[in-house]
Amino acid sequence: MRWSQTLIPTMKETPEGAEIPSHVLMLRAGMINQLMAGAYTYLPLGYRSLRKAEAIIREEMDKAGAVEVHMPAITPISLWEQTGRVEAFGDVLIKFDVRRQGKKVPMALGPTHEEIITDLVKKFVSSYRQLPLTLYQIQTKFRNEERPRFGVLRTSEFLMKDAYSFDSTVEGLNASYDKMYAAYCKIFERCGLDYLAVEAESGPIGGDASHEFMCITPNGEDTVVYDPKSKYAANVERAEIGKRNVAKSSVEPKPLTKLHTPNVGSIEAVSKFLKCKPHQMLKTLIYSADDRPIAVLIRGDHEANENKVRRAVGAKKLALADNETVEKITGAPVGFAGPVGLKVAVPIWADEDVAGMANCIIGANEGDHHYVGANLDRDFKVDHFADLRNAAEGDPSPRSDAKLEVRKTVEIGHVFKLGTKYSDAMGAKFLDDKEQQHTIIMGCYGIGVNRILASLIETKSDANGIVWPMSISPYEVIVSSVNAADAEVAAASDKLYAELQALGVDVLYDDRDQRPGVKFKDADLIGVPLRVVVGGRGLKEGNLELKWRTKEAAEMIPLAGAAEAVAKLVAAERAKYK
RNA sequence: CGGGGCGUAGCUCAGCCUGGCUAGAGCGUCUGGUUUGGGACCAGAAGGUCGCAUGUUCGAAUCAUGUCGCCCCGACCA
């Protein structure tokens, strides 16, 4: 492609509102244009990269035995009602009515396609002989994000590869899952991404039913913990904490004293008011576990993990109790709860670290009052100790003697053993070889295609712009003619461009009548891995200049046979991402 | 949905607090010329409902109220 004949609106300045590298650089490189919050047009350069990521995904899905389909983005609301996900999604689901022959037809834009695919499979699959089956599509998804942000990382419309496996046995599901897991590893490797497969929260199914594929970057919205020694990695929502050596504190117990703490309910406010550290405080959370209240004690600087609490107490549903319940149990407004002197006796659960605390600061179960010097056993009792909090930096690893590290990440893929949640709700069944009817066992597997691009830019760019891996770069080679007005230069670069095209190289030809500096800056900005400069300086010696985007120095190659030499380099580079 | 910020030329921004000449600059665009290896130079030109509405005032980009849009922090995220 000739630069002069396409649309690559590069920008020297950073547009207002763009802050993180991927957003800034995608805008500056002329890859995308914002239409409104959470919706972007992919311009020629951006769309080429997106399609390259898509192509890799498609290849690996096909290799893994998945079969491509294409489902509608518009869906009847009735499907979502069958599984109760109209409520579950809430405002995230984009709902609308369409008039047809004077009647309103309620619809929704697909935010994901479990219901649609299950409906499809229910219609056409009825025998174990037809299983296993894995179907996938690459399709635009719609989710009304409350707050779209971070450029292309969090949008209301995005491209997703979603695959769904259907099996007759749990072993079959495990095999389908493993195949997808392996395909995902291959896909992200081929995209040149440094990724981490982490154990993810899998809801009531539990076990190893879910993994997320994460890209580590400070601008990520997810948090994972990682043990460099055992390679254990998990989402904080899920992460186990290793054996904690919680020794009873040897500090001399102080008397329990009530203090007036006006208008300071939060941990932060109390620690500021009493000039103490959050880890000296004990927070008391009143939860409603299957509609029965419980108290949960967590050290002030830790975060409660509701999934852990839910599993520990053996509840199906768990949520923070409403204000009314809290006031009834503690006799105080929210923010002043404590384990000493609760008005209503409820089971008290505590995180393991609480056992090592002494002279805690706790709410006094009285508005605007706290106790200091509260001590376990003397002042209050705990019914059960368990791991109830999120893992934190420096916690012991559950798999080795190393300490856990905490990292921010972007989720680029997710594999999930669904079980029979949707097939049950929608009645997707099959007959086995004994003519017995069973519910089909499902798995679902998603990849955020746009996020592959954004994550690459987040992690691989430099001060001059994007640094693409050859597999995702919109073009493999850029030919920059320096002084395009010079007839000799123009002829030589035209020829090289034509030859590279004939050799099957994806080449962008910067034929603009621009000064060299402009062309070099733009080439760096858009991040094409290999740059070939055709200029008077080299031509005099019969040479062309080659420069890799990742390298500082350029090298000269002879003009004669240059196209073949470049094609060979491209082939070698391509091979790294196969 | 809570908190904060910003809307002036295609882009980045100044002007606003303290109302008053014809609303500015840089970049980009167009014309002509000189240039040509890391965002050139000279001369000229086009380009604006100052987000929108209402109000205050002799007079509003500037003050007030409302509204819309965008960005950031938090909550939420199958």
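Protein chains get the first letters and strands the later ones, always in sequence-line order, with residue 1 at the start of each. Note that these values count all heavy atoms, side chains included, but never hydrogens, waters or copies made by symmetry.
Looking at heavy-atom distances under 4.0 Å, A:Asp524 makes contact with a base. Residue contacts for A:Val482: at a heavy-atom cut-off of 4.0 Å it reaches a base atom on one of the strands shown.
Not counting sequence neighbours, the partners of A:Tyr497 by the ring pair (Phe, Tyr, Trp, His ring centres under 6.0 Å) test are A:Tyr509.
When each of B:A40, B:A75, B:C71 is scored by its nearest atom to the side-chain atoms of A:Arg149, the top-ranked nucleotide is B:A75.
A:Ser156 and A:Asn144 are not linked by any side-chain donor-acceptor pair at a separation below 3.5 angstrom, with hydrogens and angles left out of the test.
Looking at A:Tyr177, A:Tyr181, A:Tyr184 one by one, the single match for side-chain hydrogen bond (donor to acceptor under 3.5 Å, both in side chains) with A:His211 turns out to be A:Tyr177.
Separating the P atom of B:A61 from that of B:C17 is a span of 12 Å, rounded to the nearest Å. Here the separation of B:G66 from B:U31, taken at their C1' atoms, is 47 Å to the nearest Å. Taking the P atoms as reference points, B:C42 lies 9 Å from B:C27, given to the whole Å.
Side-chain rings of A:Phe188 and A:Phe213 approach one another, their centers coming within less than 6.0 Å.
Counting heavy-atom neighbours within 6.0 Å of A:Gln5 CD, excluding the residue itself, gives a total above 12.
Between the CZ atom of A:Arg512 and the P atom of B:G39 there is a distance of 14 Å, rounded to whole Å.
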Close N/O contacts between protein and nucleotides 28-32 of chain B (under 3.5 Å):
none

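Under 4.0 angstrom from either OP1 or OP2 of B:G39 there lies no side-chain N or O belonging to A:Arg515. Not one side-chain nitrogen or oxygen of A:Arg147 sits closer than 4.0 Å to the OP1 or OP2 atom of B:C71.
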At under 4.0 Å between heavy atoms, how does the protein contact nucleotides 4-13 of chain B? Give one character per nucleotide, 5' to 3', with B, S or -. --S----BSS

